[in-house]
Amino acid sequence: MKRQLLWFTVLLWAGCLAAQGQAIAAPHNKYVRLTSTNLPIVWLTVDSTVQQDQRITARMKILHNGDGQINYADTVAHPGQHIDYDGYIALRYRGRSSYTYSSKKPYSLRPLNKPLEQGGSWVKVSLLGMGKDNNWALLAPYADKSMIRDMLAFEISRPWMEYTPQGRYCELIYNGTYYGVFILSEVVSKGRYRLHLDDPGEEGDEITGGYMMEVERNDDVEEVYRSRRHPVLSDGTPITTSYIYFQYKIPDYEDLTIAQRFYIQQSINSMETALAFDRYRDQETGECTLIDEMSFIDYQLAMEIGHNVDGYRLSGKFFKRRDSQDPRFKMVVWDMNLAYGNANYHDGWRTDTWIYQMNDLLHANASASTNMVPFWWYTLNNDDTYVARLKQRWAQYRTSNLTIDSLYHTIDSLTSVITIGGAEQRNYMAYPIWGKYVWPNYYIARNYNDEIAYLKRWLRHRIKWMDQQLGFEGTDTFIKGDINDDDEVNIADVGALTDIILSDGTALQADVNGDGEVTIADVASLIDLILQG
C-alpha cells in the first residue's frame with residue numbers, strides 16, 4: 001500500500017508539472033556530439049540543481065578563437081585555443097514563459113571571484129568582446145525556431161535607441177551534454193558599457209536618479225508598485241477592473257531606501273498625471289518635459305514592427321537619470337522572442353493591427369485582463385504632434401536600416417552565423433521540433449528555411465501595412481501573387497500558397513482574391529495571374 005501511495009504521489013506531481021506546461025531542462029536527444037563549430041563553445045559544469053529564485057555556484061568555460069575561426073570541442077587534440085573565460089559563476093534560471101514552457105531554459109549568470117560558499121562576490125568581466133560587466137544572460141531560443149527574433153529586434157533598434165543589448169551566438173555543453181544554440185547576451189542593467197545611471201542618493205539632486213522600472217506582472221505584492229491610473233480601451237474608456245504594475249529593477253527593491261522608493265513612485269505618478277491631463281508638453285516649446293518623446297517613439301516602432309504580443313505590457317523597461325542630467329523617462333527594448341508572427345494568441349500573428357490597442361481584445365477576454373497596456377500609449381497616439389513625429393521617424397527607418405533589402409540582409413546575416421558551421425542542424429538534432437507545435441507557435445515550419453521564409457514574408461506584409469498607416473510611400477515592391485517573396489509570380493507560388501492553406505499559415509499575402517479568407521479560391525485566382533503573365 002505504501003509503495004502504491006508513493007507511485008501515486010510521484011505520478012500526481014508529474015501530472016501537475018505537465019498541466020502547468022513546465023518542461024524538464026534537457027534536450028530531447030542527449031546524444032548529439034559537437035566536434036567543431038564557428039560559434040564560441042560554452043561549457044557549464046554544475047554540481048547541484050539549478051533553481052529559478054536562488055543562485056548556485058557553477059563553473060563556466062568559454063572557448064572562442066575569434067570571428068571566422070573554427071573552435072574545437074576537443075581541447076586535448078587541439079591545444080592552444082583561446083579561452084575567453086574560465087571561472088566560477090553564480091547561476092540560476094531566468095524568464096517566465098520561456099522558463100515554464102521550454103525544454104531549453106534560459107540562464108542568468110554572474111561571474112564570481114570564488115564560490116558563493118566561500119563568500120564569493122560578483123566580478124566584472126568582458127565576454128566575447130562585449131564590455132565588462134557582472135550581469136549576463138544565456139538566452140535559449142526554443143519557441144522561436146528561427147533563433148533570431150531577439151537579435152533581430154536588437155539590430156533594428158540599435159541605430160535609434162540610446163541603449164540596446166548586445167548578444168553573441170554560442171553552443172552550450174552542460175555537464176557534458178550538448179544543449180544547443182544559445183545567445184550569450186548583455187542584460188539591461190547599469191554600467192559603463194550599458195545604461196549610464198548613477199546610484200541614487202538620499203536628498204537633493206542625488207535622490208532623483210538613476211532608476212529603472214519595468215511594466216510587468218504582479219509577481220510579488222511587496223516588490224511592485226501599482227499605477228494610480230487604469231489602462232484604457234482604444235476609445236479612451238478606463239478599464240477600472242484592471243491595474244498596471246511596475247517592478248523595481250535598478251536599484252533592486254531590497255537596495256532602495258524608503259525615501260528613494262517614495263521618490264520614484266512620485267515621479268511615475270507625476271508623469272502619468274501629466275499624460276492623463278494633457279500637461280506633458282511645454283507650452284512654449286511644445287517639447288515633452290517628463291518623457292523622452294523620441295525614445296518612446298523608437299520603442300513603439302520596435303514593438304509595432306514585431307507586433308510583439310508582450311509589447312508595452314510585459315518587460316516594458318523604462319529608466320530615469322538625475323534631474324540635473326535629464327529628468328525625462330526613456331525606454332529600452334527587451335524580450336522579443338514571441339514577436340514577428342510567432343504567437344498564436346491575442347492576435348499575435350496578425351500583420352494588420354496596432355499592438356498598442358490590444359486592450360480591447362484583452363478586456364473582451366476576462367481571463368487575460370490582468371496584464372494590459374498602460375494608458376500612456378493611447379494618450380500619445382492621440383496627440384497630433386506625437387503622431388507627426390512618429391510618421392517622420394518611420395520614414396527615417398524606412399529609408400535606412402528598414403528597407404526590405406536592408407532588413408532581409410540583416411536576417412540573412414544572423415541566420416548565416418548559425419547555419420554556416422552546422423549549429424542550426426545540431427540544435428534541431430537535440431530538439432527535433434520541426435513540423436511540431438511548440439507553444440505558442442502560430443506557423444509550424446517544416447524546416448529552418450521554411451521558418452525564415454515565413455518570417456520574411458510576415459515582415460514584408462507587416463511593413464507594407466505600417467507604410468499605409470503612417471503615410472510612407474517607399475520604393476519597395478510588393479507583387480500581388482508573389483507568395484514566396486522571390487519577386488516572381490509562377491508555379492512555385494502555387495505550392496507556397498497550398499502549404500499556407502494546409503498549415504493555416506499567415507493570411508495576408510495569401511489572400512490573392514482579396515475576399516478576406518484564404519481558401520482554394522485563392523489558388524484559382526493565383527493561377528489566373530500566372531496565366532495572364
Side-chain angles (χ1 to χ4, degrees), residues 121-122 124 131-135 157 160-165 186-216 222-229 244-300 315-334 374-376 379-380 383 385-386 389:
S121 57
W122 320 142
K124 293 184 177 182
K132 282 187 176 183
D133 207 278
N134 60 16
N135 197 356
S157 303
W160 310 100
M161 303 198 74
E162 179 178 324
Y163 171 71
T164 301
E186 298 177 345
V187 298
V188 182
S189 58
K190 71 175 183 178
R192 178 180 177 184
Y193 299 99
R194 299 187 187 176
L195 287 177
H196 299 164
L197 297 176
D198 293 324
D199 292 332
E202 284 295 300
E203 58 185 14
D205 183 55
E206 291 185 353
I207 201 173
T208 67
Y211 302 91
M212 185 172 75
M213 304 288 283
E214 183 177 61
V215 182
E216 253 297 350
E222 292 184 356
E223 297 187 11
V224 299
Y225 177 61
R226 194 177 81 179
S227 171
R228 294 184 178 180
R229 304 283 169 182
I244 302 298
Y245 295 91
F246 308 109
Q247 292 187 2
Y248 303 91
K249 292 299 177 181
I250 301 176
D252 290 336
Y253 175 81
E254 58 268 20
D255 295 330
L256 285 165
T257 66
I258 294 176
Q260 291 165 352
R261 201 178 307 144
F262 179 77
Y263 172 80
I264 190 59
Q265 291 172 1
Q266 292 305 109
S267 295
I268 293 172
N269 293 344
S270 297
M271 181 263 284
E272 293 199 316
T273 299
L275 284 169
F277 291 98
D278 196 21
R279 298 172 185 164
Y280 54 94
R281 291 194 183 279
D282 185 284
Q283 292 185 352
E284 294 183 3
T285 66
E287 297 303 310
C288 292
T289 55
L290 296 176
I291 66 168
D292 183 326
E293 185 173 32
M294 199 55 68
S295 176
F296 274 62
I297 285 173
D298 288 333
Y299 178 83
Q300 178 175 343
S315 299
K317 299 178 186 293
F318 60 104
F319 66 95
K320 181 191 180 299
R321 293 194 172 89
R322 291 180 178 177
D323 285 351
S324 59
Q325 299 170 343
D326 190 339
R328 303 170 300 168
F329 284 106
K330 302 171 185 281
M331 303 293 301
V332 185
V333 170
W334 182 252
F375 80 96
W376 317 342
T379 298
L380 292 171
D383 178 292
T385 301
Y386 181 90
R389 291 175 177 173

Any chance you could lay out the side chain to side chain contact (heavy atoms under 4.5 Å, CB included) test for Phe319 and Leu197, step after step, and finish with the verdict? CA-CA 9 Å; Phe319 66 95; Leu197 297 176; 3.8 Å; yes
Would you check, one step at a time, whether the test side chain to side chain contact (heavy atoms under 4.5 Å, CB included) holds for Lys317 with Tyr163? CA-CA 12 Å; Lys317 299 178 186 293; Tyr163 171 71; over 6 Å; no
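Heavy-atom neighbours of Glu203 CD from other residues, nucleotides or ligands within 6.0 Å: at or below the threshold of 12.
You'll find the side chain of Phe329 reaches within 4.5 Å of the side chain of Ser267, heavy atoms only. Looking only at side-chain heavy atoms (C-beta outward), Ile268 and Ser227 stay at 4.5 Å or farther from each other. Phe246 places none of its side-chain heavy atoms less than 4.5 Å from the side chain of Ile264. Between Phe318 and Met212, every side-chain heavy-atom pair lies at or beyond the 4.5 Å cut-off. Asp198 is listed as a side-chain neighbour of Gln325, based on a closest heavy-atom distance under 4.5 Å. Counting heavy atoms from C-beta outward, Tyr280 and Glu293 have side chains that stay 4.5 Å or more apart.
Scanning for salt bridge (Lys or Arg N to Asp or Glu O under 4.0 Å) contacts around Glu216 gives Arg96, with sequence neighbours left out. Judged as a side-chain contact (heavy atoms from CB on, under 4.5 Å), and not counting sequence neighbours, the contacts of Pro327 are Asp323.
Of the residues Arg328, Arg194, Arg321, the one that meets the salt bridge (Lys or Arg N to Asp or Glu O under 4.0 Å) test with Glu162 is Arg321.
Ion pairing of Lys249 with Glu214 is present here, as a side-chain N (NZ or NE/NH1/NH2) and a carboxylate O approach within less than 4.0 Å.
Below 30°, between 30° and 60°, or above 60°: for Phe296 and Trp376 the angle between ring planes is between 30° and 60°, a tilted geometry.
In this structure a side-chain-to-backbone donor-acceptor pair under 3.5 Å is present from Gln260 to Gly201.
Checked by atom type, the side-chain pair Tyr299/Asp292 shows no donor-acceptor distance below 3.5 Å. Under 3.5 Å, the side chains of Lys320 and Tyr263 contain a donor-acceptor pair of N or O atoms.
A cation-pi arrangement is present between Arg261 and Tyr253, with the terminal nitrogen or guanidinium carbon under 6.0 Å from the aromatic centre and inside a 45° cone about the axis.
Separation of atoms OH (Tyr193) and CG (Asp133) is listed at 10.0 Å; rounding is to 0.5 Å.
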